[in-house]
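A short worksheet on the structure shown next.
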Number of protein chains: 2
Amino acid sequence: MRLKILNWLRRPEDHFPPHNVVKHFNDGVCATYIQEKTNLSQSTISTYLSMMEKCGLLISTRHGKWSYFKRNEKLIAQYANTLK
Amino acid sequence: MRLKILNWLRRPEDHFPPHNVVKHFNDGVCATYIQEKTNLSQSTISTYLSMMEKCGLLISTRHGKWSYFKRNEKLIAQYANTLK
DNA sequence: TTGATATATCGAGATTTATCAATATGTTTG
DNA sequence: CAAACATATTGATAAATCTCGATATATCAA
């Protein structure tokens, strides 16, 4: 599921509805949208996203009550390279 | 540990002693050497290696009583690419 | 300030994984 | 063939992971 999330976040506009307040995906996608798309519980997604941030795979930005998550391309590229 | 094994098998001559009967690494490295290097039990390594073969990550060749394992570069490249 | 909404944390159960010892099977060699 | 050696399979346990519901915390909006 976390790999899927990483994939969706490559091009958020292809996988998520537009945000209502922040009118772009510059900081990624809000946790709620990700939760809805995965059908996992809110607590699970919250944990996943913060784990992934701690790992360096994601970058999170808080805008008011929402947390947005986007890929940390630099780190992801490094991971992928290590594996390769 | 399995990632380590995959790494060692990139250049067996850098990580394993030479084979006594089969005088090359053309088919990879025998299970015993891998087991010794990992310090995992024989049964664990046997299971790991056959899992990895089933996954397509390794190719195994039996020469007499020995089983040799080498990387399946084609499949590995595909995996790495998918992840990337 | 309060209620509503978004996210975070905690504690727990079910499932999966890592790993072993014991044993079985296969292969060579004297 | 029998002993010796290499590998495979089985059954088991401890640890890790997945995932949840309940609850806590943070933030906005009226």
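Quick note on labels: first sequence line is chain A, next is B, and so on, each numbered from 1.
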Presence of [X] side-chain N/O under 4.0 Å of [N] phosphate oxygens OP1/OP2:
X     : N      : value
B:Y48 : C:dT19 : yes
A:T44 : D:dC20 : yes
B:T47 : D:dT9  : no
A:Y33 : C:dA6  : no
B:R2  : C:dA18 : yes

Item checked: Under-3.5 Å donor-acceptor pair between B:Q42 side chain and D:dA6 base -> no
Check: Do B:S43 and C:dA21 have a side chain to base donor-acceptor pair shorter than 3.5 Å?
Finding: yes
Taking atom [atom2] of [N] as reference, at what distance in whole Å does atom [atom1] of [X] sit?
X     : N      : atom1 : atom2 : result
A:I45 : D:dC18 : CD1   : P     : 12 Å
B:W66 : C:dT28 : CH2   : P     : 8 Å
A:K4  : D:dC18 : NZ    : C1'   : 15 Å
A:N39 : D:dC20 : CG    : P     : 9 Å
B:Y68 : C:dT27 : OH    : P     : 14 Å
B:Q35 : D:dT9  : CD    : P     : 16 Å
B:I5  : C:dA18 : CD1   : P     : 12 Å
A:M1  : D:dT17 : CE    : P     : 18 Å

Which part of the nucleic acid, if any, lies within reach of [X] when heavy atoms closer than 4.0 Å are counted: base, sugar-phosphate only, or nothing?
X     : value
A:S50 : nothing
A:S46 : base
A:L40 : sugar-phosphate
B:S41 : base

Tell me which nucleotide among [options] gets nearest to the side chain of [X].
X     : options               : result
B:K65 : C:dA8, C:dT5, D:dC5   : D:dC5
B:T32 : D:dT7, C:dA8, C:dA6   : D:dT7
A:A31 : C:dT19, C:dT7, D:dT19 : C:dT7
A:C30 : D:dG21, C:dT7, D:dT7  : C:dT7

Margin query: With clusters defined by side-chain heavy atoms of hydrophobic residues (ILVMFWY) lying less than 4.5 Å apart, directly or transitively, does B:V22 cluster with B:F25?
Written below: no
Next item on the list: May I ask whether B:L3 and B:I59 are part of the same hydrophobic cluster, defined by side-chain heavy atoms of I, L, V, M, F, W, Y residues being less than 4.5 angstrom apart, directly or through others?
Entry: no
Checklist line | Nearest-0.5 Å distance that lies between atom NZ in B:K65 and atom SG in B:C30 | finding: 11.0 Å
Notebook entry, point to check: So, does A:R62 use its side chain to make a donor-acceptor pair with the main chain of A:G64 at under 3.5 Å?
Noted result: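 Judged by distance alone, yes, a pair lies under 3.5 Å.
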Notebook entry, point to check: Pick one: which of A:Y68, A:F16, A:F69, A:W66 meets side chain to side chain contact (heavy atoms under 4.5 Å, CB included) with A:Y33?
Noted result: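 Only match with A:Y33 under side chain to side chain contact (heavy atoms under 4.5 Å, CB included): A:F16.
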Check: Closest nucleotide of DNA chain D for B:F69 versus for A:H63: which of these residues is on the 5' side?
Finding: B:F69
Item checked: B:K4 atom NZ, over 12 foreign heavy atoms within 6.0 Å -> no
